[in-house]
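Everything on this sheet refers to the single structure shown next.
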Amino acid sequence: MGRTLYAKLWDSHVVRPGDAGEDLLYIDRQLVHEVSSPQAFRALTDAGRALRRTETHLAVADHAVPTQSRDLPATDPVAAAQVAELEGNARDFGVRYHPLNGAGHGIVHVIGPEQGFTLPGITLVCGDSHTTTHGAFGALAFGIGASECGTVMATQCLVQKRAATMRVNLHGRLPRWACAKDIALALIARIGAQGARGYAVEYAGPAIAALDMAGRMTLCNMTIEAGSRIGLVAPDETTFAWLKGRAGAPAGADWDRAVTYWQSLASDADAQYDRELAMDLSALEPHVTWGTSPDQGAPVNGAVPEPGSAAPEDQARIARALDYMGLEPGMALADIAIDRVFIGSCTNSRIEDLRIAAQVAQGRKVASGVRAMVVPGSAATKQQAEAEGLADIFRAAGFEWRDAGCSMCVAMNEDRLAPGERCASTSNRNFEGRQGQGGRTHLMSPASAAAAAITGCIADVRDVMAGTD
Amino acid sequence: MEAFTRLTGRAASLDEDNIDTDVIYPARFLTITARDGLGAYAFADRAFRIKDVPVLVAGANFGCGSSREQAVWALLGCGVRCIIAPGFGEIFAGNCIRNGVLPVTLDAADVARMHRAASKGEAFTVDLPACTVQVGAWQPVPFAIPEPQRQALLNGWDETAAILARDGDAIAAFEQRQRSEQPWLYS
Ligand code: SF4
């Protein structure tokens with residue numbers, strides 16, 4: 001019987017088979033950020049342990065950093081101390097560090113691929129649940145806790161339990177103005193926030209072959225919101241073309257050898273999965289969330305649910321979410337007015353995301369009373385967007401144009417919602433308080449978020465753009 | 001970490017599905033780099049409080065979302081050593097094990113009974129050697145946990161130390177082989 005991509009990645013990293021499906025896996029690379037690493041470095045110091053292979057780690061401060069002025073000590077001394085601790089640890093342990101003002105700065109999950117640090121066929125971890133993102137390259141990538149970060153630093157290994165496998169077969173052509181984010185939101189609404197728990201999810205089919213790397217990253221990024229730690233796409237010519245020439249990518253003869261190996265990673269035709277799903281994208285509509293869990297979403301032309309007409313076991317959960325969100329049961333999603341717009345996060349802050357948002361923003365104005373910001377995922381993305389004229393489009397439309405960072409995805413810096421404020425956001429989590437205590441989040445694609453900024457409410461981007469193409 | 005064998009005490013009930021780690025430990029406290037003293041921030045934006053109660057009975061998919069281990073450290077800081085739920089976020093469950101907190105997965109009907117018992121203040125006894133939870137005068141309810149995790153908890157093992165002590169040669173051999181097969185990962 002053939003093997004899945006997941007099985008191939010797993011088998012090639014088993015250092016020692018263990019009991020009960022728990023193997024000792026070799027970890028090729030780790031991304032390190034300021035929030036989940038201080039305790040790990042301290043554990044090393046306390047136990048007198050060394051870092052096993054310094055060159056396999058890449059450190060960057062992204063979560064708590066300011067995106068308006070880079071003057072951290074002035075804005076938040078506690079965050080400044082946290083960033084300083086990361087800098088100090090990187091220096092003391094000899095780990096590569098991308099400073100706040102450098103050209104290589106950005107969100108871990110944006111710069112990993114950008115730098116060619118993320119490669120097909122590797123295992124990659126980070127003390128961050130959205131490490132699923134890197135699976136878009138055919139890497140076995142998963143989020144871990146701070147204790148595990150310390151274990152990887154000291155041993156280059158982790159004990160892990162092999163997951164079951166799920167394949168999501170995507171076919172049909174993605175309609176104009178529908179984005180990878182809409183695929184993710186529709187899928188999660190269908191299978192639920194724990195629908196993929198315990199599975200490694202492989203996205204496959206003709207629609208995946210047609211999807212660009214940014215879209216694949218968005219899809220893999222959101223896989224954790226269906227409860228799965230691992231999203232995967234088999235590496236193909238799109239992957240190789242994207243990676244070639246990047247700083248960390250192999251070059252010369254190594255490149256050819258690597259590509260030959262990477263081509264062998266695709267799932268075999270007769271590979272078996274524990275679960276299979278199919279999705280036709282040809283009628284996919286832009287999706288937005290109305291609740292406090294990423295699975296509480298609906299097509300943009302739909303309505304907020306009525307708890308009374310839901311299944312009995314779901315009623316309390318829906319009612320609670322609507323109460324927090326300040327929404328009336330049954331109201332049209334398009335009637336929801338917003339206060340803020342956030343275009344950014346490791347889900348949707350890449351150049352492709354900014355391009356589609358700028359297309360919507362071009363020649364239009366942010367609705368009065370709405371505060372909208374664009375936060376590129378990395379310094380390189382920011383620079384490219386400026387060179388392409390996207391920044392000018394955003395500024396002319398009334399968007400704030402910021403420096404890279406997690407920003408209002410997680411509200412650890414000064415970018416946060418006030419209690420009761422409502423935000424159209426391209427990030428990944430609409431959890432209570434995620435964008436600021438008492439804040440209300442509606443997840444959507446960059447195109448939809450730009451449309452919301454222009455209209456001042458949740459809007460169908462196809463209507464906003466009607467007649468333009 | 002502290003070993004886990006048996007404990008007896010009261011339980012708190014949080015009967016709501018999909019409680020994510022942002023609810024357990026709000027992000028604005030993540031700039032604190034300490035592991036101790038985080039109990040004060042547990043559920044900071046909810047009315048829910050736990051104090052010196054060793055067991056938490058929770059809803060499905062408890063601890064989903066962010067990988068932040070601060071969520072476990074905060075619960076530990078409130079005295080929680082065992083969480084009973086119909087299911088857990090996977091990264092959260094792993095973080096629990098590594099901090100001596102036992103995640104017990106039971107079917108929804110058993111968990112529902114335990115929510116009621118917790119609200120009435122009944123005593124819970126969690127026995128890891130026997131893999132059972134006993135509530136008041138009920139028959140003990142058995143639970144399953146992978147044996148490696150059970151051993152780690154029973155012995156209070158430090159995973160890093162265990163790997164270093166046992167697997168050094170195997171890791172070196174792996175690296176040697178990988179270096180010859182995929183030299184680009186070593187340049
Ligand atoms: S952008 Fe948001 S989800 Fe992504 S790493 Fe930063 S905080 Fe996490």
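Excluded from the calculations below are hydrogen atoms, water molecules and symmetry mates; all remaining heavy atoms, backbone and side chain alike, are included. Naming: A, B, ... by sequence-line order, numbering from 1 per chain.
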Give a yes-or-no answer on whether the side chains of B:Ser66 and A:Arg429 include a donor-acceptor pair shorter than 3.5 Å. no
Pair count under 4.5 Å, heavy atoms only, with chain B: among A:Gly198, A:Ala154, A:Ser36, highest is A:Gly198
Counting neighbours of CZ on B:Phe143 that are heavy atoms of other residues, nucleotides or ligands and sit closer than 6.0 Å, is the number greater than 12? yes
Flag yes if more than 12 heavy atoms outside B:Gln139 fall under 6.0 Å of its CD atom; otherwise flag no. no
Between chain B and each of A:Arg49, A:Arg29, A:His13, A:Arg416, count heavy-atom pairs under 4.5 Å; write down the option with the most. A:Arg49
Going through the distances and angles, do A:Lys161 and B:Glu90 end up as a side chain to side chain contact (heavy atoms under 4.5 Å, CB included)? CA-CA 11 Å; A:Lys161 186 167 164 45; B:Glu90 284 185 81; over 6 Å; no
Between B:Ser67 and A:Ser129, the two heavy atoms sitting closest are OG-N, 3.4 Å
For a side chain to side chain contact (heavy atoms under 4.5 Å, CB included) check, start with the C-alpha distance between A:Val35 and B:Gln70, then their side-chain angles and the critical distance, and finish with the verdict. CA-CA 10 Å; A:Val35 179; B:Gln70 285 85 351; 4.1 Å; yes
Who among B:Ala44, B:Ala170, B:Pro148, B:Ala60 has the most heavy-atom pairs with chain A under 4.5 Å? B:Pro148
Does any heavy atom of chain B fall under 4.5 Å from the side chain of A:Tyr261, the backbone, both, or neither of them? side chain
Distance only, no hydrogens: is a donor on one side chain within 3.5 Å (strictly under) of an acceptor on the other, for A:Gln194 and B:Asp17? no
What option among A:Arg257, A:Arg317, A:Glu432, A:Glu55 has the most heavy-atom pairs under 4.5 Å with chain B? A:Arg257
B:Ala172 versus chain A, the contacting section by heavy-atom distance below 4.5 Å: both
B:Tyr186 portion near chain A, given a 4.5 angstrom heavy-atom threshold: both
Of all of B:Arg177, B:Arg166, B:Glu181, which one pairs up most often with chain A through heavy atoms under 4.5 Å apart? B:Arg166
Do you know the tightest heavy-atom contact between A:Ala193 and B:Asn61? O-ND2, 3.5 Å
Let me know if A:Val14 has heavy atoms under 4.5 Å from chain B in its side chain, its backbone, both or neither. backbone
Of the listed residues (A:Ser147, A:Gly121, A:Pro38), which shares the most heavy-atom pairs with chain B below a 4.5 Å separation? A:Ser147
Please report the shortest heavy-atom distance between A:Gln82 and B:Leu30, naming the atom on each side. NE2-O, 2.9 Å
Does CZ in B:Arg10 sit with more than 12 non-hydrogen atoms of other residues, nucleotides or ligands closer than 6.0 Å? no
Name the option with the most non-hydrogen atom pairs under 4.5 Å to chain A; the candidates are B:Ser187, B:Pro183, B:Pro146, B:Pro26. B:Pro183
With a 4.5 angstrom heavy-atom cut-off, which part of A:Ile144 approaches chain B: side chain, backbone, both or neither? backbone
Chain B contact via A:Asp28 - which portion, at a heavy-atom distance below 4.5 Å: side chain
Proximity breakdown for A:Arg434 and chain B, heavy-atom pairs closer than 4.5 Å: both
Under 3.5 Å, is there a donor-acceptor pair linking the side chains of B:Thr160 and A:Thr151? yes
In terms of heavy-atom pairs under 4.5 Å with chain A, which of B:Cys64, B:Gly89, B:Gly65 leads? B:Gly65
Considering all heavy atoms, the nearest B:Arg98-A:Val159 contact: NH2-O, 3.8 Å
Can you tell which of A:Leu119, A:Asp128, A:Ile224, A:Thr292 has the highest number of heavy-atom pairs within less than 4.5 Å of chain B? A:Asp128
In short, A:Gln39 meets B:Ile32 closest at the heavy-atom pair NE2-O, 4.4 Å
Do you know which of B:Asp167, B:Thr21, B:Asn95, B:Asn18 has the most heavy-atom pairs under 4.5 Å to chain A? B:Asp167
Check this for me: A:Asp46, atom CG, are more than 12 non-hydrogen atoms of other residues, nucleotides or ligands nearer than 6.0 Å? yes
Could you have a look at B:Glu16, B:Glu175, B:Glu147 and say which one has the most heavy-atom pairs with chain A under 4.5 angstrom? B:Glu175
May I ask you to name which of A:Trp255, A:Phe142, A:Phe431 has the most heavy-atom pairs under 4.5 Å with chain B? A:Phe431
Locate the shortest heavy-atom distance separating A:Leu158 from B:Glu159; write the atom from each residue and the value. C-OE2, 4.4 Å
Which class fits the ring pair B:Trp184 and A:Trp262: parallel under 30°, tilted 30 to 60°, perpendicular over 60°? perpendicular
Structural part of A:Ser37 lying under 4.5 Å from a heavy atom of chain B: neither
